[in-house]
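Below is one structure, written out as structure tokens; comments come after it.
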Amino acid sequence: MRTEGFGGRLVLVGADPAAPYDRTKLSKGFLAGKADKKALPLRQSDFYKQHRIEVLTDTRVTGLNLARQQLTMAGRDPLRYDKLLLAPGCQPNTLPQLPGHDLAGVLPLRTAQDAEAIREAAANAKHVVIIGSSFIGMEAAASLAAENEEQGNQERRITVIARDKEPFEKVLGPKIGAMFRNLHSRHGVRFKAEAEVQALEGENGRVTAVRLVSGQRLPADVVVLGVGVRPATEFLAEAFELDKDGGLRVDAHLRAAEHVYVAGDVARFPLAAGLGQHRIEHWRLAQQHGACAARNMLGYETAFAEVPFFWTQQYGKSLRYAGHAAEWDEIIFHGDVRRHDFLALYAHRNRLVAAAALGRDDDMMIIEELLRRDQMPTPTAARRKTNWAKLLDG
């Protein structure tokens, strides 16, 4: 908003005790010991002073009155707004239905404090169990395994418990999921696939084991929860009719109500090219949402037309993903998935709606632009070897 020339009062309200920081580093470099707290902040403190941005940290918003254009906050006076951006993100699932879920050593991963607690707890642990093969769970496993290798730690065992047969199966498909599972296995991570946790066991208030429905008991000094997240929108339940998953529907301008805009994980927004309403938990998409919403708060009335994009980095391998395929009829592969050099194209109803790749960054940049222009080739054409640069030039 400052870049676009807004000179009025700007207030940034956040429940986290710290000013905004890079969450993507938490499950990657920070857990692996390659990044410290100094590397986390997105901006230095003088940035907020220079641009006259009031930052209210450790402040939880408890309600929203649309008629009065007012936020209520715990421990503070209500705050009135002329324009409001809601970007509360998500909160991690914590498995409250499981016996032993509240034992010491059972840790979620969302905030910097969470990541620090996991790093400290895992430092002397012999058995680390990760429940869930989500991106957060798998990146945490990769970071801790990489730390094992760097420190020559042969004693710490890392086990991932997954409900699905392959990690990322519902997002990337079983073939790419198997590639990641094999990659982790080569680095010493063990898998319990198609497994379900029955209870967490402990002694003296601290977790000591994970018991599966099958009856198997896995020793555990630390349990990391990677079982997904849910939108942090409880405080909006009276102001809006939320979706079943807690998401908040917006129009093409990211507007949920008069004067109120939404960005990031909680926004269920219409994808460009008529691909329907979706809620997508991507770091880069949240940044794109924020920029678009800011302009519209200033009266631009610009429809959101960016292409979702995310990446995951594990053992030095970076998978890139562009577009969004909530479901697909076919995955068209070019290259060799097992050798970590491939392009995967996701087809739905005779349209290419997404792509994932390892070692094909140049192609992925072009594909992202083709998706943005709605100029992707047909699945039939894409089955042949494709010169993506030529398609873009054409």
> What heavy-atom pair brings Ile130 and Ile158 nearest, and what distance separates the two atoms?
Replying inline: CD1-CG2, 4.2 Å

> When clusters are formed by joining ILVMFWY residues with side-chain heavy atoms under 4.5 Å apart, either directly or through shared neighbours, do Phe235 and Val262 land in the same one?
Replying inline: yes

>> Is it the case that the side chains of Asp114 and Thr111 hold a donor-acceptor pair, with the cut-off being a distance below 3.5 Å and no angle test?
In response: yes

> Got a donor-acceptor contact below 3.5 angstrom from the Gln69 side chain to the Arg80 backbone?
Replying inline: no

> Around atom CZ of Arg186, are there more than 12 heavy atoms of other residues, nucleotides or ligands at under 6.0 Å?
Replying inline: yes

> Checking salt bridge (Lys or Arg N to Asp or Glu O under 4.0 Å) for the pair Arg255/Glu301: CA distance, chi angles, key distance, verdict?
Replying inline: CA-CA 10 Å; Arg255 184 169 42 221; Glu301 292 295 315; 3.0 Å; yes

>> Grouping I, L, V, M, F, W and Y whenever their side-chain heavy atoms are under 4.5 Å apart, do Leu319 and Ile367 come out in a common cluster?
In response: no

> Is it the case that more than 12 heavy atoms not belonging to Lys28 sit under 6.0 Å from its NZ atom?
Replying inline: yes

>> If I take atom CZ from residue Arg383 and atom OG1 from residue Thr380, how far apart are they, to the nearest 0.5 angstrom?
In response: 4.5 Å

>> When you measure from the side chain of Arg279 to the backbone of Asp265, do you find a donor-acceptor pair of N or O atoms at a distance under 3.5 Å?
In response: yes

> Heavy-atom distance under 4.5 Å between the side chains of Val129 and Ile161, does that happen here?
Replying inline: yes

>> Angle between ring planes, Phe135 versus Phe168, binned at 30° and 60°: parallel, tilted or perpendicular?
In response: parallel

> Do Glu327 and His348 come within less than 4.5 Å of each other through their side chains, counting heavy atoms only?
Replying inline: yes

>> Under a 4.0 Å threshold between the charged nitrogen and the carboxylate oxygen, would Arg360 count as salt-bridged to Asp341?
In response: yes

> For the side chain of Asn65 and the backbone of Ala67, is there at least one donor-acceptor N/O pair under 3.5 Å apart?
Replying inline: yes

>> Has Lys317 got a side-chain atom pairing as donor or acceptor with His340's backbone, closer than 3.5 angstrom?
In response: no

>> Within this structure, what is the NE2-CD distance for the pair His127 and Glu155, rounded to the nearest 0.5 Å?
In response: 9.5 Å

> What are the two closest non-hydrogen atoms of Ala232 and Val266, and how far apart are they?
Replying inline: N-CG1, 4.2 Å

> When hydrophobic residues are tied together by side-chain contacts of less than 4.5 Å, even through go-betweens, does Phe240 share a cluster with Phe269?
Replying inline: yes

>> So does Ala19 get a backbone contact from the side chain of Thr57, meaning a donor-acceptor N/O pair under 3.5 Å?
In response: no

> Do NZ/NE/NH1/NH2 and the carboxylate oxygens of Arg284 and Glu306 come within less than 4.0 Å?
Replying inline: no

> Hey, are Glu369 and Arg372 close enough for a salt bridge, meaning a charged N less than 4.0 Å from a carboxylate O?
Replying inline: yes

>> What I want to check is whether the side chains of Arg211 and Gln198 have a donor and an acceptor closer together than 3.5 Å.
In response: yes

>> Can a donor-acceptor pair be found, under 3.5 Å and without considering hydrogens, that links the side chain of Tyr346 to the backbone of Leu172?
In response: yes

> Could you state the interatomic distance from CZ (Arg268) to CG (Leu242), rounded to the nearest 0.5 Å?
Replying inline: 10.5 Å

> Minimum heavy-atom separation for Thr62 to Ala74, with atom names?
Replying inline: CG2-N, 3.9 Å

>> Using 0.5 Å steps for rounding, measure from the CG atom of Leu10 to the CG atom of Leu85.
In response: 10.5 Å

>> Are Leu200 and Ile131 packed together at the side-chain level, in the sense that at least one heavy-atom pair is separated by less than 4.5 angstrom?
In response: yes

> Can a salt bridge be assigned to the pair Arg163 and Glu169 using a cut-off of 4.0 Å between side-chain N and carboxylate O?
Replying inline: no

>> Does Phe310 form a side chain to side chain contact (heavy atoms under 4.5 Å, CB included) with Leu285? I'd like the steps, not just the answer.
In response: CA-CA 8 Å; Phe310 76 85; Leu285 184 74; over 6 Å; no

> Under a 4.5 Å cut-off applied to non-hydrogen side-chain atoms, are Ile176 and Tyr321 in contact?
Replying inline: no

> Is it the case that one hydrophobic cluster holds both Ile136 and Trp283, taking links as side-chain heavy atoms less than 4.5 Å apart, direct or via other members?
Replying inline: no

> Out of Val222, Val207, Val223, Leu225, which residue meets the side chain to side chain contact (heavy atoms under 4.5 Å, CB included) rule with Leu107?
Replying inline: Val222

>> So Gln313 and Glu139, do their side chains get closer than 4.5 Å, heavy atoms only?
In response: no

> Above 12 or not: heavy atoms from other molecules or residues under 6.0 Å from CZ of Arg43?
Replying inline: no

>> Determine whether His253 and Tyr300 satisfy the following criterion, side-chain hydrogen bond (donor to acceptor under 3.5 Å, both in side chains), listing intermediate values before the conclusion.
In response: CA-CA 9 Å; His253 301 98; Tyr300 280 66; over 6 Å; no

> Checking Arg156 side chain against Val128 main chain: does a donor-acceptor pair fall under 3.5 Å?
Replying inline: no

>> Using ring centroids (six-membered ring only for Trp), state whether His289 and Tyr261 fall under 6.0 Å.
In response: no

>> Do Phe309 and Leu271 sit in one hydrophobic cluster, given that two such residues count as connected whenever their side-chain heavy atoms are within less than 4.5 Å of each other, even indirectly?
In response: no

> Checking side chain to side chain contact (heavy atoms under 4.5 Å, CB included) for the pair Val11/Tyr81: CA distance, chi angles, key distance, verdict?
Replying inline: CA-CA 9 Å; Val11 184; Tyr81 62 85; over 6 Å; no

> What is the distance from atom CZ of Arg295 to atom OG1 of Thr3, rounded to the nearest 0.5 Å?
Replying inline: 8.5 Å

> What is the minimum heavy-atom distance between Ala382 and Leu345, and which atoms define it?
Replying inline: CB-CD1, 3.8 Å

> Is the cationic atom of Arg119 (NZ for Lys, CZ for Arg) positioned less than 6.0 Å from the six-membered ring centroid of Phe30 and within 45 degrees of its normal?
Replying inline: yes

> Are the side chain of Thr233 and the backbone N or O of Leu236 linked by a donor-acceptor pair below 3.5 Å?
Replying inline: no

> Is the shortest distance from a Lys or Arg side-chain nitrogen in Glu368 or Arg320 to a carboxylate oxygen in the other one below 4.0 Å?
Replying inline: no

>> Tell me the closest heavy-atom pair linking Ala112 and Tyr21, and the distance in Å.
In response: N-OH, 3.0 Å

> Donor-acceptor pair, Arg52 side chain versus Arg2 backbone, under 3.5 Å?
Replying inline: no

> CG of Asn124: more than 12 outside heavy atoms within 6.0 angstrom?
Replying inline: no

> Any side-chain heavy atom of Trp388 sitting closer than 4.5 Å to one from Leu343?
Replying inline: yes

>> With heavy-atom distances below 4.5 Å as the criterion, would you say the side chains of Asp374 and Arg351 are in contact?
In response: yes

>> Measuring only between side-chain heavy atoms, which start at C-beta, is Leu84 closer than 4.5 Å to Leu64?
In response: yes

> Can His184 and Val160 be said to form a side chain to side chain contact (heavy atoms under 4.5 Å, CB included), step by step?
Replying inline: CA-CA 10 Å; His184 277 261; Val160 174; 5.7 Å; no

>> Around atom CG of Asn204, are there more than 12 heavy atoms from other residues, nucleotides or ligands closer than 6.0 Å?
In response: no

>> Please give me the minimum heavy-atom distance between Gly202 and Thr208, naming the atom from each residue.
In response: CA-OG1, 3.5 Å

> Within the side chain of Thr72, is there an N or O that forms a donor-acceptor pair under 3.5 Å with the backbone of Gly63?
Replying inline: yes

> Could you walk me through whether His324 and Leu275 pass the side chain to side chain contact (heavy atoms under 4.5 Å, CB included) check?
Replying inline: CA-CA 9 Å; His324 182 67; Leu275 293 176; over 6 Å; no

>> With rounding to the nearest 0.5 angstrom, report the CZ to CE distance, Arg338 to Met179.
In response: 12.5 Å

